[in-house]
There are 2 protein chains.
Amino acid sequence: MAQVRSMRADARRNHERLLKVAAEVFAEQGERASLDEIAKRAGVGSGTLYRHFPTRHALLEAAYVGRIQALGARADEIAVELPPGEALVAWLGEIGLGMIQVGGLKALLGSAVTDGDSFAATVCGVTVQAAAEKLVRAAVAEGSLRGDVSGVEVLRLAHGLATASELGGGRDLARYLRLLMEGLHPG
Amino acid sequence: MAQVRSMRADARRNHERLLKVAAEVFAEQGERASLDEIAKRAGVGSGTLYRHFPTRHALLEAAYVGRIQALGARADEIAVELPPGEALVAWLGEIGLGMIQVGGLKALLGSAVTDGDSFAATVCGVTVQAAAEKLVRAAVAEGSLRGDVSGVEVLRLAHGLATASELGGGRDLARYLRLLMEGLHPG
DNA sequence: ACCTGAACACCGTTCAAGT
DNA sequence: ACCTGAACACCGTTCAAGT
């Protein structure tokens with residue numbers, strides 16, 4: 001699609017409305033929400049949605065870029081507030097909570113950390129992987145984390161533990177993350 | 001549906017064919033496989049499929065009961081071969097591998113351990129939870145597992161770790177389970 | 001250049017007609 | 001009693017016509 005800046009006024013308006021509505025509907029209904037409903041709620045024809053976002057995933061990612069970048073920024077904030085090992089758990093806790101509470105976020109982050117998935121190379125994938133890598137390296141340097149774990153790997157594990165927590169009604173996520181960290185302790 | 005034994009000959013034949021074909025198609029394509037394709041491959045009208053199995057989940061569970069019971073039996077075998085703590089990891093490893101390799105099995109086991117889900121009370125749920133509970137209790141008694149963990153909980157965690165492993169291309173499942181067991185060690 | 005919405009395709013589900 | 005498959009509904013996706 002053309003750069004947002006260079007779009008015709010009506011196109012830009014539609015683009016923005018679609019992003020806003022998509023973020024709401026995905027959050028409510030999850031990543032399998034009806035695209036037709038998103039188009040209708042945004043007041044545009046279904047063809048317009050496809051013109052702006054050729055795939056469901058493109059729309060989902062575009063709708064959540066802001067949220068993902070906020071998560072990346074949170075990693076830096078937490079790194080200042082807490083010692084490395086605790087910072088990592090705290091950040092994974094926030095991500096995990098988001099995956100449980102915000103529809104579609106778990107699916108988006110999942111594809112962003114899937115081996116061989118082209119989405120891992122998108123803004124979301126790069127942002128979240130870089131943040132995780134930074135926290136992991138600091139924890140390893142501090143000696144509170146094994147050296148054989150990567151950023152993308154803890155993200156996959158966080159995704160898995162969020163899934164496990166969901167099966168149990170959304171409880172126990174923090175507890176599961178603590179179990180994980182004990183298991184990941186060196187020695 | 002009527003008892004299988006009391007069914008008319010053609011109905012029983014259709015029932016069996018549907019189960020056999022469903023097991024194949026679900027295994028290949030996952031739990032969202034086309035029901036129409038299953039009906040076609042079984043050589044029956046789509047209405048017949050719905051007559052025998054009113055919901056997708058009923059068909060999935062019926063198709064996999066045998067597999068689930070085999071997993072239950074494996075728990076007893078392994079309990080004889082290995083000390084309690086190792087038996088639990090080994091069994092969770094087999095279940096996890098099944099969830100990764102057999103389409104639809106992860107979804108089925110997921111609903112069987114979901115809090116508040118009516119499917120937790122089905123044959124599959126009861127079978128797998130009882131087996132897990134037995135292994136967990138033995139490991140707790142032996143002192144190799146914390147006392148505050150339940151059978152259904154380790155199944156949820158195994159589901160989560162299988163998911164994490166899938167994101168990484170199906171590798172590292174055994175490693176993740178070992179991390180979990182270290183985290184679940186008492187003291 | 002962009003939008004609209006009808007048209008098409010696909011699939012799940014129901015049910016009237018048939019044996 | 002059971003089966004069949006047409007019919008209906010729903011939704012994703014494309015594209016001709018319009019501005």
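Sequence lines set the chain letters: A, B, ... in the order given, protein chains first and strands last, and positions in each chain run from 1.
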Quickly work out the [X] [atom1] to [N] [atom2] distance and round it to whole Å.
X: A/Leu59; N: D/dC11; atom1: CG; atom2: P; result: 17 Å
X: A/Asp36; N: C/dT4; atom1: CG; atom2: P; result: 13 Å
X: A/Glu31; N: D/dG12; atom1: CD; atom2: C1'; result: 16 Å
X: A/Leu60; N: D/dG12; atom1: CG; atom2: C1'; result: 16 Å
X: A/Asp10; N: D/dT19; atom1: CG; atom2: C1'; result: 10 Å
X: B/Lys40; N: C/dC11; atom1: NZ; atom2: C1'; result: 9 Å
X: B/His57; N: C/dG12; atom1: NE2; atom2: C1'; result: 17 Å
X: B/Arg12; N: D/dC2; atom1: CZ; atom2: C1'; result: 14 Å

If you look at every strand shown and take non-hydrogen atoms under 4.0 Å, does A/Ala39 touch a base, only sugar-phosphate, or nothing?
nothing

Which part of the nucleic acid, if any, lies within contact of A/Ala9, taking any heavy atom under 4.0 Å across all strands shown: a base, the sugar-phosphate backbone alone, or nothing?
nothing

Before accepting this row, confirm whether a basic side-chain N of the pair [X]/[Y] lies closer than 4.0 Å to the acidic partner's carboxylate O.
X: B/Arg175; Y: A/Glu153; result: yes
X: B/Arg41; Y: B/Glu37; result: yes
X: B/Glu166; Y: A/Arg156; result: no
X: A/Arg17; Y: A/Glu24; result: no

Is any side-chain heavy atom of B/Val123 less than 4.5 Å from a side-chain heavy atom of B/Ile68?
no

Would you say B/Gln69 and B/Tyr64 are linked by a side-chain donor-acceptor pair, where the criterion is simply a distance under 3.5 Å?
no

Hey, does the side chain of A/Asn14 come within less than 4.0 Å of C/dC2's phosphate (OP1/OP2), counting only N and O?
no

Would you say a side-chain N or O of B/His52 is under 4.0 Å from OP1 or OP2 of D/dC3?
yes

From the options [options], select the nucleotide whose nearest atom is closest to the side chain of [X].
X: B/Arg51; options: D/dC2, D/dT4, D/dT13; answer: D/dC2
X: B/Tyr50; options: C/dC2, D/dC2, C/dG12; answer: C/dG12
X: A/Arg56; options: D/dG12, C/dC3, D/dC3; answer: D/dG12
X: A/Ala11; options: D/dT4, D/dC2, C/dC3; answer: C/dC3
X: B/Ser34; options: D/dC3, C/dG12, D/dG12; answer: C/dG12
X: A/Ser46; options: D/dG12, C/dG5, C/dT13; answer: C/dG5
X: B/Thr48; options: C/dT14, D/dT4, D/dT13; answer: D/dT4

Using the closest heavy atom to pick a nucleotide of DNA chain C for each, name whichever of B/Arg32 or B/Arg8 lands nearer the 5' end.
B/Arg32

Let me know which of A/Val102, A/Leu60, A/Val21 forms a side-chain contact (heavy atoms from CB on, under 4.5 Å) with A/Phe26.
A/Leu60

Intra- and inter-strand pairing of DNA chain D, written as dot-bracket with Watson-Crick and G-U pairs under 3.5 Å and | for the latter, reads ||.|||||...|||||.||

Ignoring hydrogens and angles, tell me if any N or O in the side chain of B/Arg56 forms a donor-acceptor pair with the backbone of B/Glu31 under 3.5 Å.
yes

